[in-house]
Amino acid sequence: MLTWLKRIIAGLVLLAVATTAALYGVLSLSLPSLDGTGTSNAISAATTVERDALGQAVITAQSREDAAYGLGFAHGQDRFFQMDLLRRNAAGELSELFGSAAIELDKTMRFHQLRKRSEYIVAHLPHDQQQVLAAYTQGVNEGRVQAGFQSFEYLLSGGPVKAWRSEDSILAIFSMYLDLQSANFERDKALIYLEHTFGKAMREFVLQPSIHQAALDGSLLPTRQVPIPQLETSLARADIHDIGSVNLYGSNNWAVTGALTHSGKAMLSDDMHLGLAVPSIWYRAQLNYQSKNTPVTVTGVSLPGAPAIVVGTNDHIAWGFTNGYLDTADWIELSASDKTWQEEERIELPDNEVHTYSLLMSEYGPVQQFNETAYALSWVAHQPYAVNLKLLAMETALTVDDALTLAPKVGIPVQNLMVVDKHGDAAWRLMGAIPARTNPADIAIEATSYSPQWQYNDTARPALKNPDNGKLWTANSRVVSAQAHTRYGDGGYALGARAVQIRDRLLAKDTFNEKGFNQLQHDNEAMFLAPWHQHLTALLSQNDAAKARFANDLQHLAQWQACACADSVGYTLVKRFRTSLMNSAFAPVEAKMKEAGAGLRYIKRYLEPALWQLLEQKPQSWLNQHESWQALQLNAYEVAKQKLAAEFGPNMTSWQWGDVNALHIKHPFSTQLPILSQFLDMPTTKAFGDTFMPAVQGRHFGASQRFIAQPGALGNAIMTVAGGQSGHPLSSFYRAGFDEYAKGNATPLLPGRLVHALTIKPN
């Protein structure tokens, strides 16, 4: 019996080994060749694609078109499936890969008709930009097929592989519009529901300006308290819902002039906050080419799918972005007299099936029916000026002034451009598409108020160069003056605590270097939560009975370290208490919004001032079944603890922030097939940050890269990326660089020793 059992076990082991070997063999067939030679009719001169030990692509070409081909070739080799998802998501074409399960998501995206808009934009680009796109596109397709075997993602999904097209690169940029600006029109929709359900007084109460303001000119929006609306008696027994949250896609950046560095060169810091997944959204690259008989070298990160260096430096200037969060969308309330028409959208499914549905259109934009009314959406992404390739001109800019002049002409989601140069200058300006209309609104407007200026890009936009203190900063809150705020509006600004912390850190010092900037990028001091820590401590120690009941809690609170530190239990208690209290205090409002098919999550970031006002004034109509505000708060705290116990166990010592907010960077397939997690995901990392502080980090969200540079002195420049270069799990570049990111170490911007070289010659 034992002999047969041993034979069975041995057979199973051999079968597992054979299966693993077969799988490895199949996957290895799709690994790209990184060395050797090839030919292409897309280039005018020999072009090389080299890689260093991190997999950073170093492209050397004779012209910008040839460099675009080389970058496309590298993207096609390393990231094609990621690019495919970007274009399909933006165009609403995921159903062709994943079947009927993706139809509703595709319908959401088809509402914007971005495939059609991309085709129009490509057809109307200047000839030189069309040439760059065409070269990049051919590079992508030739890089993808160079491996000779489909990548594992298509083997698993069984979906078709479609060649890249020029308009797909425009869709990749539109994917950033969807990430960075869709919260703008969702915010306004939530406010429309809120005002319709509770009246204007509730909207004004919720939208009170925060005390956390850090505009570059020091201007403040008045922070007067508005009256707390009285809630109806019918809302006195509302169920408590988790309001939920929306990832605040944004970033930090700041700069100092050369007067504040030892080299005399200005210095820039930039870290862009996005959802984190495998592979990383960014792709490290250096482009070397000739422009007007002058050599150009630009190093930074690119977006797979587009031919540009998004953030980086050419050693004359260095530039970075944070999301602008201006109001770039309006809902137009339609009347019976407004003309509408139907357009048919065809969604392709596997096996040549087609799902069709009708989209209602108007002269103002596509139409949605909600809140018992028809509304048209005017969004800057729907305008022809939304996307172009003028960002390429940053690669040959020589001064800050060159970049400032270019800023209004670039077609990208509006950003806070931070730019420095080797002469010591530093500046900020809004870069990207901004509608020229000057009447932004938080809720729907009537068609009679619609401005024809929607059809034009704003060009008269503010800028600030070399301020007297030599310091600039942005972090997704209001940057423009209070006066300009009325013109540009609020598209979902961050609360402002992060910007305040960065500003105060900068103002506290007189000289700066790369090491200090890197430390500031990792600053996780809990300045914003300090008042909440004091409040919770007071709540749990209001009398001897409370002190005895919460003795263990109070001990952890006393040792909270005032930071989002990995071993802090006290930080976890404070953070979760605030969230639970917000859910409890706004439960009547959230419950009523849920009944209407809406919710507060898109305006949750605004609730801080109103929440403090509720705690100070203690209105009876908001108590929601509780006998007092003290009871409501204690109950919210107990609910927070119950949720922590359910998720991490009843022992409070296991509630360390490092585990509660651990970073899990996952591959899209492992979320559906957890068995693949160990093969596809990045290693789980203990938390090192949170929201409302420079070191932004959540479970699947955070700084996608960290960039620091002094143009003209790049020896200590930094570019640390939250993942490896390659999307192939068998590539040595799949996880390369992630450990340095997770540990907070600095990875050099400039390429290291080159270990692979592929030369492509014209034929």
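Residue numbers start at 1 and run along the sequence shown.
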Looking only at heavy atoms, which two atoms of [X] and [Y] are closest? And how far apart?
X: His485; Y: Val480; answer: N-CG2, 3.8 Å
X: Ser654; Y: Gly649; answer: OG-O, 4.0 Å
X: Leu194; Y: Leu600; answer: CD1-CD2, 4.2 Å
X: Ala722; Y: Ser280; answer: O-CB, 3.9 Å
X: Phe738; Y: Gly723; answer: CD1-N, 4.1 Å
X: Ala687; Y: Ala566; answer: O-CB, 3.6 Å

Output yes when a side-chain donor or acceptor of [X] lies under 3.5 Å from a complementary backbone atom of [Y], and no otherwise.
X: Trp473; Y: Ala214; answer: yes
X: Asn661; Y: Gln697; answer: yes
X: Ser477; Y: Gly496; answer: no
X: Ser219; Y: Asp217; answer: no
X: Trp629; Y: Pro619; answer: yes
X: Gln705; Y: Met272; answer: yes
X: Asp270; Y: Phe707; answer: no
X: Ser245; Y: Ile243; answer: no
X: Asn476; Y: Ser251; answer: yes
X: Thr720; Y: Thr747; answer: yes

How many angstroms lie between [atom1] in [X] and [atom2] in [Y], if you round to the nearest 0.5 Å?
X: Ser670; Y: Phe679; atom1: OG; atom2: CZ; answer: 11.5 Å
X: Arg549; Y: Ser541; atom1: CZ; atom2: OG; answer: 13.0 Å
X: His535; Y: Trp612; atom1: NE2; atom2: CH2; answer: 5.5 Å
X: Ser269; Y: Ile502; atom1: OG; atom2: CD1; answer: 8.0 Å
X: Thr223; Y: Ile211; atom1: OG1; atom2: CD1; answer: 8.0 Å
X: Leu191; Y: His196; atom1: CG; atom2: NE2; answer: 14.5 Å

Less than 4.5 Å apart, side chain to side chain, heavy atoms only: is that true for [X] and [Y]?
X: Val278; Y: Leu680; result: no
X: Met652; Y: Gln555; result: no
X: Gln633; Y: Phe577; result: yes
X: Leu235; Y: Asn624; result: no
X: Tyr325; Y: Val414; result: no
X: Phe198; Y: Leu231; result: yes
X: Leu676; Y: His667; result: no
X: Asn524; Y: Asp690; result: no

Inset, instruction - Over 60° means perpendicular and under 30° means parallel, so classify the ring planes of Phe586 and Trp622, tilted if in between. - result: perpendicular
Inset, instruction - Check the angle between the aromatic planes of Tyr571 and Trp560 and answer parallel, tilted or perpendicular using the 30° and 60° thresholds. - result: parallel
Please, which pairs that meet salt bridge (Lys or Arg N to Asp or Glu O under 4.0 Å) have at least one residue in [range], sequence neighbours excluded?
range: residues 596-621; value: Arg578-Glu608
range: residues 651-668; value: Asp659-Lys686, Lys666-Asp681
range: residues 467-487; value: Asp458-Arg487

Legend entry - Test item: side-chain donor near acceptor, Gln561 and Ser568, under 3.5 Å: no
Inset, instruction - Assess the side chains of Trp282 and Ser704: does a donor N or O sit below 3.5 Å from an acceptor N or O? - result: yes
Legend entry - Pair listing, side-chain hydrogen bond (donor to acceptor under 3.5 Å, both in side chains) test, anchored in residues 507-520, at least two apart: Glu514-Gln710
Legend entry - Pairs touching residues 579-597 that satisfy side-chain hydrogen bond (donor to acceptor under 3.5 Å, both in side chains), sequence neighbours left out: none
Legend entry - Set of salt bridge (Lys or Arg N to Asp or Glu O under 4.0 Å) partners for Lys641, sequence neighbours left out: Asp553
Legend entry - Other residues, nucleotides, ligands: >12 heavy atoms within 6.0 Å of Glu232 CD: no
Legend entry - Phe370/Trp331 aromatic ring centres below 6.0 Å: yes
Inset, instruction - Test Arg187 against every option in Asp327, Asp330, Asp442 by the salt bridge (Lys or Arg N to Asp or Glu O under 4.0 Å) rule and name the one that passes. - result: Asp442
Inset, instruction - Could you give me the CA-CA distance, side-chain angles and deciding distance for Tyr741 and Arg706, then say whether side chain to side chain contact (heavy atoms under 4.5 Å, CB included) is met? - result: CA-CA 9 Å; Tyr741 172 86; Arg706 303 186 187 107; 3.4 Å; yes
Inset, instruction - Test Ile281 against Met176 for side chain to side chain contact (heavy atoms under 4.5 Å, CB included), laying out the working first. - result: CA-CA 11 Å; Ile281 190 170; Met176 299 307 295; 3.9 Å; yes
Inset, instruction - Determine, step by step, whether Asn371 and Thr197 satisfy the side chain to side chain contact (heavy atoms under 4.5 Å, CB included) criterion, reporting the C-alpha distance in whole Å, the side-chain angles of both residues, the deciding distance to 0.1 Å, and the verdict. - result: CA-CA 9 Å; Asn371 197 35; Thr197 305; 5.5 Å; no
Legend entry - Chi angles and distances behind the side chain to side chain contact (heavy atoms under 4.5 Å, CB included) call for Lys575, Trp657: CA-CA 10 Å; Lys575 179 64 183 288; Trp657 184 245; 4.0 Å; yes
